[in-house]
Peer 1: 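This is the structure I want to talk about, given as structure tokens.
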Amino acid sequence: MTFEGQPEERSAAGKPMVRATPRDVVHIRLGSFALIAIIAIGVLGLVAGLKWLMIAMAVLAVIAIVDIALALRRQSRTPGGTTTEAG
């Protein structure tokens, strides 16, 4: 059921038309935005010669990439009629 109480649209096979949960969409969008900022700050650290800043941004970039990958995996593995969201 959607927020307005209307049933979800389903395909001919009975699966939901959109398999993404709001949580997954937020993780992907915010993660990609954060990744762009992290790369920009890392490049500034490279230009400025700040090794510690480059290392910190590399660690944050790996964390952001893993978070995006896990959100994509959850999104693609969500079965037809269920979500991992509460409520």
Side-chain angles (χ1 to χ4, degrees):
M1 298 288 275
T2 61
F3 181 71
E4 295 84 22
Q6 300 294 325
E8 256 182 10
E9 290 186 42
R10 297 197 175 266
S11 67
K15 294 183 179 179
M17 297 295 275
V18 179
R19 296 174 64 174
T21 63
R23 181 183 69 174
D24 294 335
V25 172
V26 168
H27 276 266
I28 294 167
R29 288 191 180 182
L30 289 180
S32 62
F33 178 75
L35 190 58
I36 291 170
I38 289 167
I39 290 171
I41 294 170
V43 168
L44 288 175
L46 177 67
V47 170
L50 300 172
K51 188 174 183 177
W52 63 269
L53 184 60
M54 291 185 305
I55 293 171
M57 292 302 114
V59 169
L60 289 175
V62 169
I63 292 170
I65 291 169
V66 168
D67 183 50
I68 293 170
L70 290 175
L72 287 171
R73 185 172 178 235
R74 274 192 311 265
Q75 180 179 342
S76 66
R77 294 181 135 220
T78 303
T82 62
T83 64
T84 56
E85 296 290 312

Peer 1: Applying a strict under-4.5 Å side-chain criterion to I, L, V, M, F, W and Y, I'd like to know whether Ile63 and Ile28 cluster together.
Peer 2: no
Peer 1: Give me the one residue out of Gln75, Arg29, Arg73 that meets side chain to side chain contact (heavy atoms under 4.5 Å, CB included) with Asp24.
Peer 2: Gln75
Peer 1: Answer with yes or no whether the hydrophobic clustering places Ile38 together with Leu53; edges join I, L, V, M, F, W, Y residues whose side-chain heavy atoms lie under 4.5 Å apart.
Peer 2: yes
Peer 1: Quick one: does Met54's side chain get under 4.5 Å of Leu50's, heavy atoms only?
Peer 2: no
Peer 1: Minimum heavy-atom separation for His27 to Ala71, with atom names?
Peer 2: CB-CB, 3.7 Å
Peer 1: Honestly curious: do Trp52 and Ile41 fall in one hydrophobic cluster under the side-chain, below-4.5 Å linking rule?
Peer 2: yes
Peer 1: Between CZ of Arg23 and CZ of Arg74, what distance do you get to the nearest 0.5 Å?
Peer 2: 4.0 Å
Peer 1: Identify the heavy atoms of Gly31 and Ala64 that sit nearest to each other, and give their distance.
Peer 2: O-CB, 4.3 Å
Peer 1: Would Leu70 end up clustered with Val62 when hydrophobic side chains under 4.5 Å apart are linked, directly or stepwise?
Peer 2: yes
Peer 1: Indicate, with yes or no, if Ile65 and Ile39 share a hydrophobic cluster defined by side-chain heavy-atom contacts under 4.5 Å among Ile, Leu, Val, Met, Phe, Trp and Tyr.
Peer 2: yes
